[in-house]
Structures are given as C-alpha cells and as structure tokens.
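Next up is a structure, given as structure tokens.
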2 protein chains.
Amino acid sequence: MKWRELDGTSCSVARSLAIVGDRWTILILRNAFLRTRRFDDFQAQLGITRHLLASRLAKLVKLGVMSKVAYQERPPRYEYRLTEMGRDWYSVQLALVAWGDKWLAGAAGPPLEFLHQKCGHKFRPVTVCSECREPLDTRDITPIAGPGLRPPAAVTP
Amino acid sequence: MKWRELDGTSCSVARSLAIVGDRWTILILRNAFLRTRRFDDFQAQLGITRHLLASRLAKLVKLGVMSKVAYQERPPRYEYRLTEMGRDWYSVQLALVAWGDKWLAGAAGPPLEFLHQKCGHKFRPVTVCSECREPLDTRDITPIAGPGLRPPAAVTP
DNA sequence: TGACAAGGTTCTATTTTGGAACTTACTGTA
DNA sequence: TACAGTAAGTTCCAAAATAGAACCTTGTCA
C-alpha cells in the first residue's frame, strides 16, 4: 500500500497519519506550540532541510492545520500559525509527551514539565471518559461500528 | 539532522518519535490493539511489505513496546504482544482517533465509536489535568524546565 | 554600491520504501 | 515417498523520499 492511499481508508488513525504521519510534521507542530512562527526559525530550531520544511508547511496549510499570514507587505514576509484544527492537535502532543516522560525519560526525569495556569499546579495529562470522567484503560474499551464505517471493515478498521 | 540523532535530544516528543515516529509502526500498534498478533495477519491486514514489517516488529521488540512469544515449539511459531509500555501507548492512539474523528471524518461521522464498559456509554476521550481534573487547553499551559532538561534548551526543547 | 535578511527553489547523492520472489522448517494428505 | 500447504522471515531490484548544499528573489539599510 502506498501512503497516498491511506486517507481513503475508513480509520481515523490512518486518516490522521495521512496528514501528520511523518516525524518532521509532528516536530514542526511541537515547535509551533512553543511559539515558533517563521520559516527560518523553524529551520534553525529543527535542523530540517529548507526543502522539506517548505513542503511540510505547504501541506499543513493546504490541509487547514496551519495558516500562512503576511506580517509585513514590503518585502512580503509570512508567518505560520496554528489554526483551531492545529491547536486541537495539542491533546495528541500531550499524550505523546506523557508517554515519552513515563517510558523514555529514565532516571534524569522529564526534560520539560507543565504548569496548569487554572489551578497553579504541575500536572500530567490524564485521558478520561467524556461521560463518567474516569481514567480510561484499554481493557475497558470496546470499539463498535460508527456511522462513517465503510467496508472492508475487517481489513482496515 | 538524521533520525538516529533524535532520541538523543532532550525532548519527550522527539524521543517518542524515535520509536514510533513512522506511520507503519503506528498502524502496527493500532492493529495490535485490535488483537492482531501474528506476522502474516499483520501483513495481510496492513498491506505492508513483509520486509518492512519484520524490521518494524524487531524494533518494537528491541525497544520494549512489544514482546515476541513462541506459541508453539515445532515448528517454532511466534506471536507479538503489547507489553505494558505498548498498552500505555493507547492514550496516544485515543487522542489520535479523537482528532481524526473531529477534523477528518466529515459528514459521514466517525468510522468507529467506543464503548466504555465501566459506565456503559459511548464516549470521547478527554484530556484533563491530573491535579484539578479540568479539561486542558493549550493557552492555559506553561512549559517549564524539568529535571531531565539538557542544553541546548532553546534548540530542541 | 555592496552587504544583509527572509523565504524560498534547485540540484545531486544517499537512504528508505514498495513489490515480488525465494528460503526454511515443519505438518498433513494421497 | 512425494507433494501441497503454512508461518515467519530474507533477498533482490526499482522507485520514491530525504539530506545537504548552493542558488534565487525581493527588498532594506549603510
């Protein structure tokens, strides 16, 4: 299977990956959350080649995850900002950070911690059920067919 | 920057990506959560080439995300199961599914829905603060240096 | 006039994938 | 005994993506 066939599958994981499924894209978003906005800043911070950066940013803009906004007219200069869709990616990033902190940080502890302004505490993100607010565990969850499911269901669930 | 340099960086996103940062790996884990365990089943369900599947499974085993267990002796046959580290990946997958469902499912609705056995309801995963249990919003969160932070902090946060 | 800046594009070499066929070690059937 | 089948890989070559560096464009500033 080629990658461009992925977003046609009937699976939200696959469809998400068709957009953000390469590592550079995820790192670009990470830095966008840390307030990076300009081409040269992304390039310097990430060490990505300019060629790939241009193509990834264009893709993110095309798909609505970021928007390209002129911040001056002469000469024309642009910056890249997260859209609402892009800001919403934050929950995935938090989950990714939590996983890395738990399993990969080792004895040194996590490289970054997070402060929740609303309550003033350092926190970990916890994924809970929208209905009962209990933390979710794999074994308590049963996937069922949704309205958008297309066959072949068993092949690409 | 080459990919093998990534896991040396002082960032949990980058370190996580060094393990699960390609699309096939994430799809392998997706199917593992749907109870796939054997080489040929992964291959048939995903349409991945056998070559890549072998290399990705080997990597997941080496890094402790999955384990390779013999399920018969003669002839020797193996299956791949999620370890605790692998099962813990589920929160990331849930976040990914939720993002895809929200932004990519379109009018048809999500392809899969999830039932929470504990409360009996269909649910969405919600990411909340471990301290105050309020849902997290990007703008309420401030990253601060953690114990595992190594310079250059500004370059690869 | 020349140096500098931001935001790209173009070029080639290297690395990674995709696709298909082949291998190994056994089992079950004719 | 020969032959087909199964699970889990490995090998090979062609096609696609990435890395690294240089170059281009439009403008400002000294």
Side-chain angles (χ1 to χ4, degrees), chain A residues 1-9 14 17-28 31-32 35-62 66-81 155-156, chain B residues 1-9 14 17-28 31-32 35-62 66-81 155-156:
Chain A
M1 182 172 27
K2 301 263 183 66
W3 278 114
R4 58 186 66 103
E5 297 166 33
L6 247 193
D7 59 348
T9 64
L17 291 180
I19 294 186
V20 291
D22 78 293
R23 307 189 240 207
W24 282 128
T25 301
I26 294 175
L27 291 176
I28 287 168
N31 282 39
R35 313 263 186 274
T36 302
R37 291 195 167 87
R38 297 189 186 174
F39 191 94
D40 281 17
D41 291 339
F42 280 112
Q43 204 268 319
Q45 289 165 19
L46 294 172
I48 187 178
T49 64
R50 305 178 71 77
H51 177 53
L52 266 192
L53 177 59
S55 101
R56 291 298 182 271
L57 286 172
K59 185 175 180 186
L60 287 169
V61 168
K62 189 177 114 197
M66 301 190 86
S67 63
K68 183 176 180 176
V69 184
Y71 66 87
Q72 65 176 41
E73 294 282 305
R74 312 179 57 75
R77 291 286 182 268
Y78 305 95
E79 59 183 24
Y80 294 86
R81 288 163 169 267
V155 176
T156 52
Chain B
M1 183 172 26
K2 300 263 180 70
W3 281 113
R4 56 187 67 103
E5 299 167 34
L6 245 194
D7 59 349
T9 63
L17 290 180
I19 294 185
V20 290
D22 78 293
R23 308 189 238 203
W24 283 129
T25 301
I26 294 176
L27 291 176
I28 288 168
N31 283 40
R35 314 261 185 275
T36 302
R37 290 192 166 80
R38 298 186 184 175
F39 192 93
D40 280 18
D41 292 340
F42 280 113
Q43 204 268 318
Q45 289 165 18
L46 294 171
I48 185 177
T49 63
R50 305 179 71 77
H51 177 55
L52 267 191
L53 177 59
S55 102
R56 291 297 182 272
L57 285 173
K59 184 175 180 186
L60 287 169
V61 169
K62 190 178 113 198
M66 302 189 88
S67 62
K68 182 177 181 174
V69 183
Y71 67 87
Q72 65 176 41
E73 294 282 304
R74 311 178 59 75
R77 291 286 181 268
Y78 305 95
E79 58 183 25
Y80 295 86
R81 289 164 167 267
V155 175
T156 52

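Throughout, a chain's letter reflects where its sequence line sits, starting with A, and its residues are numbered from 1.
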_Checking contacts here: which listed nucleotide (C/dT17, D/dG9, D/dA7) is nearest the side-chain heavy atoms of B/Arg56?_
C/dT17
*How many Å lie between CD on A/Gln72 and C1' on C/dA5, as a whole number?*
10 Å
_What's B/Phe42 touching, base or sugar-phosphate or nothing? Going by heavy atoms closer than 4.0 Å._
nothing
*asked:* Please pick, from D/dC12, D/dG20, D/dA8, the nucleotide with the shortest atom-to-atom distance to any side-chain atom of A/Thr49.
replied: D/dG20
*Taking only N and O in the side chain of A/Tyr71, is any of them less than 4.0 Å away from OP1 or OP2 of C/dG7?*
yes
*Presence of A/Lys68 side-chain N/O under 4.0 Å of C/dG8 phosphate oxygens OP1/OP2*: yes
*side-chain N/O A/Trp24 vs D/dA17 OP1/OP2, d < 4.0 Å*: no
*How many Å lie between CD on B/Glu73 and P on C/dC26, as a whole number?*
11 Å
*What residue among B/Leu27, B/Ile28, B/Thr36 forms side-chain contact (heavy atoms from CB on, under 4.5 Å) with B/Gln45?*
B/Thr36
_Base of D/dG27, side chain of A/Arg74 - is there a donor-acceptor contact under 3.5 Å?_
no
*With DNA chain D as reference, determine whether B/His51 or A/Pro75 sits nearer its 5' end, using the nearest nucleotide of each.*
B/His51
*Is A/Arg50 near enough to D/dC23 that one of its side-chain N or O atoms lies under 4.0 angstrom from OP1 or OP2?*
no
*Integer-rounded Å distance: D/dT10 C1' and B/Leu57 CG*: 14 Å
*Are any side-chain N or O atoms of A/Gln43 and backbone N or O atoms of A/Leu46, one a donor and one an acceptor, separated by less than 3.5 Å?*
no
*Starting from P on C/dT24, measure out to OH on B/Tyr78 and report it in whole angstrom.*
16 Å
*asked:* With rounding to the nearest 0.5 angstrom, report the CZ to CZ distance, B/Arg35 to B/Arg81.
replied: 10.5 Å
*Decide yes or no, distance alone: a donor-acceptor N/O pair under 3.5 angstrom between the base of C/dA6 and the side-chain of A/Arg77.*
yes
_Any side-chain N or O of B/Tyr80 below 4.0 angstrom from OP1/OP2 of D/dG9?_
yes
*Find the distance A/Leu27:CG to D/dA19:P and express it as a whole number of Å.*
11 Å
_If you compare all heavy atoms of A/Arg56 against all heavy atoms of A/Thr25, which two are closest, and at what distance to 0.1 Å?_
CD-OG1, 3.2 Å
_Presence of donor-acceptor pair under 3.5 Å, side chain of A/Arg38 and base of C/dG7_ = no
_Whole-Å gap separating C1' (C/dG8) and CG (A/Leu53)_ = 10 Å
_Looking at A/Phe42, I'd like to know if the NZ or CZ of A/Arg37 sits under 6.0 Å from its six-membered ring centre while staying within 45 degrees of the ring's axis._
no
*In whole angstrom, give the distance that lies between atom CE of B/Met66 and atom P of D/dA8.*
13 Å
*asked:* From CD of A/Gln43 over to P of D/dA22, roughly how many Å is that when rounded to an integer?
replied: 13 Å
